[in-house]
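Shown next, in structure tokens, is the structure this report addresses.
Start at 1 with the first residue, then count along the sequence.
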Amino acid sequence: MKKVRNKIKTLIVIASGMISVIPMSAGDYVKDAEPTVLEVRYIRHQVTDTTRRDDRFFDEETMLRIGPTKSVFCSVKYLMRDSLVVVNPTLYWQLEHAAFLQDRKGQHTLERSGRHWVFIYKNYPEGKVTEQAYFDMEDWRYEEDWEKPEWTIGDETKEILGYECFKAETDYRGRHWTAWFTPEIPLEEGPWKLCGLPGLILEAHDTNSDYSFVANGIFQNPEAEVGLFTYRDRRGIIKVTRDKYFNEWWRYKHKDIASEIKAAYTNLPVEPKKDVKPNYDKEETDYPHDLGKKR
């Protein structure tokens, strides 16, 4: 264990291009807070068009904060954006203005809020997983029983961030996942909802690598807290079931927005498009995909 602690202390990594500007008073917006044991940064890769995997994707830095009893996984940029808007709006708008000026000069800083607008809370509440996301101009949240993947551990090994990692595989939530975990950090945690191995997961991907997570840094952050972030609660959260949550997301992705605008602001007849559909799905695909079920 001493070897692990020494290794962790030497791997202090600051998110590339990001500055820690979240004030201490941000802790007032963390419900049921507890101190962070470990923070892991991952590059999350998401393919947004499975017919063009080579050029329709985005990569974003995400973080896994692990506490004594629960964890949270989210986008670094999106958490910073949410916290600054509430805790220090003046600083937020100063940064937005500076970014706007850079954009005008051609020094583009697009996606300042990131593109992964999802929070995953494991063991919060106890024995549950809570997921929250912003889409269709609303904040959505659901709770479900904490269903951990059932893994098959293999003999293959490789080194990630200086740690010896072992290969494991599972069929989970509609996809086949391959993960690499290290027993040198004996925490049964990992990115997204992946967990339950005898060591921290440092890399994972599904069969076609439509989704992947690759650790790029591990560090201790004693000032950070693990709990339910409530920055967006003032806007109002729509609490639904898991199926409802994913069905609403699926319906939103199938919307013909241009036709809806045309119908709302003109008297012209609207012919709905038949080919309005996303060429990708969520990390988990085992939900009804019921487009006819409206909220």
Side-chain angles (χ1 to χ4, degrees), residues 14-42 44 46 58 60-100 109-126 128-144 189 191-193 219 221-240 242 244-245 248-249 252 282:
I14 303 299
S16 57
M18 302 297 292
I19 304 173
S20 296
V21 293
I22 301 175
M24 289 297 292
S25 57
D28 297 338
Y29 296 91
V30 184
K31 185 179 179 181
D32 297 325
E34 61 185 31
T36 298
V37 173
L38 201 67
E39 185 167 305
V40 190
R41 298 287 173 92
Y42 299 86
R44 177 184 181 272
Q46 177 181 336
F58 71 88
E60 182 165 347
E61 188 163 48
T62 53
M63 72 172 186
L64 171 67
R65 275 189 191 168
I66 305 169
T69 67
K70 52 185 172 281
S71 68
V72 58
F73 179 78
C74 63
S75 161
V76 173
K77 282 186 178 180
Y78 196 53
L79 176 59
M80 175 171 283
R81 184 262 181 206
D82 275 3
S83 58
L84 280 179
V85 166
V86 174
V87 177
N88 196 333
T90 300
L91 178 57
Y92 170 76
W93 288 113
Q94 287 175 344
L95 293 173
E96 283 291 293
H97 180 65
F100 172 75
T109 55
L110 298 177
E111 309 294 353
R112 292 186 289 274
S113 297
R115 296 182 65 181
H116 181 55
W117 297 352
V118 180
F119 293 85
I120 303 290
Y121 301 91
K122 296 195 203 79
N123 204 37
Y124 186 85
E126 185 176 357
K128 304 280 187 179
V129 168
T130 296
E131 179 167 346
Q132 180 174 318
Y134 178 78
F135 60 86
D136 201 15
M137 301 183 70
E138 301 280 4
D139 287 285
W140 305 80
R141 182 187 296 167
Y142 77 92
E143 294 177 6
E144 63 173 334
E189 263 290 0
W192 182 55
K193 295 181 180 178
F219 64 103
N221 187 359
E223 294 184 355
E225 293 180 313
V226 181
L228 182 72
F229 297 125
T230 63
Y231 302 110
R232 305 190 68 84
D233 284 24
R234 73 194 193 286
R235 293 168 44 96
I237 305 292
I238 301 177
K239 298 179 181 180
V240 292
R242 176 179 181 265
K244 184 77 167 174
Y245 174 93
E248 290 296 338
W249 176 85
Y252 166 64
K282 286 283 201 179

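In this structure, the side chains of Tyr245 and Glu144 stay at 4.5 Å or more apart for every pair of heavy atoms. Looking only at side-chain heavy atoms (C-beta outward), Met63 and Cys74 come within less than 4.5 Å of each other. Counting only heavy atoms from C-beta outward, the side chains of Glu131 and Lys193 approach each other to under 4.5 Å. Side-chain contact between Leu79 and Tyr231 is present, with at least one heavy-atom pair separated by less than 4.5 Å.
The structure places CH2 of Trp140 at 15.5 Å from CH2 of Trp117, a figure rounded to the nearest 0.5 Å.
Legend: residues meeting side-chain hydrogen bond (donor to acceptor under 3.5 Å, both in side chains) with Asn123, ordered by chain and number and at least two apart, are absent. Taking the side chain to side chain contact (heavy atoms under 4.5 Å, CB included) definition, one finds that Ala224 meets it with Thr36, Glu39, Arg65, Asn221, sequence neighbours left out. With sequence neighbours left out, Phe73 forms a ring pair (Phe, Tyr, Trp, His ring centres under 6.0 Å) with Phe213. Remark: Arg232 engages Asp82, Asp139 in a salt bridge (charged side-chain N to carboxylate O under 4.0 Å, His left out) (not counting sequence neighbours). For Pro125, the side chain to side chain contact (heavy atoms under 4.5 Å, CB included) partners are Lys128, Thr130, Glu143, not counting sequence neighbours. In terms of the side-chain hydrogen bond (donor to acceptor under 3.5 Å, both in side chains) criterion, residue partners of Thr69 (sequence neighbours excluded) are, by chain and number, Glu34. Partners of Asp32 under the salt bridge (charged side-chain N to carboxylate O under 4.0 Å, His left out) rule, at least two apart in sequence or in another chain, do not exist in this structure. In this structure Phe58 satisfies the ring pair (Phe, Tyr, Trp, His ring centres under 6.0 Å) test with no other residue, sequence neighbours excluded. By the salt bridge (charged side-chain N to carboxylate O under 4.0 Å, His left out) test, Glu189 pairs with Lys122, sequence neighbours left out. Partners of Lys239 by salt bridge (charged side-chain N to carboxylate O under 4.0 Å, His left out), not counting sequence neighbours: none found. Applying the ring pair (Phe, Tyr, Trp, His ring centres under 6.0 Å) criterion to Tyr124, with sequence neighbours excluded, gives no partner residue.
Counting all heavy atoms, side chain and backbone alike, Phe135 lies closest to Glu248 at CE1-C, 3.7 Å.
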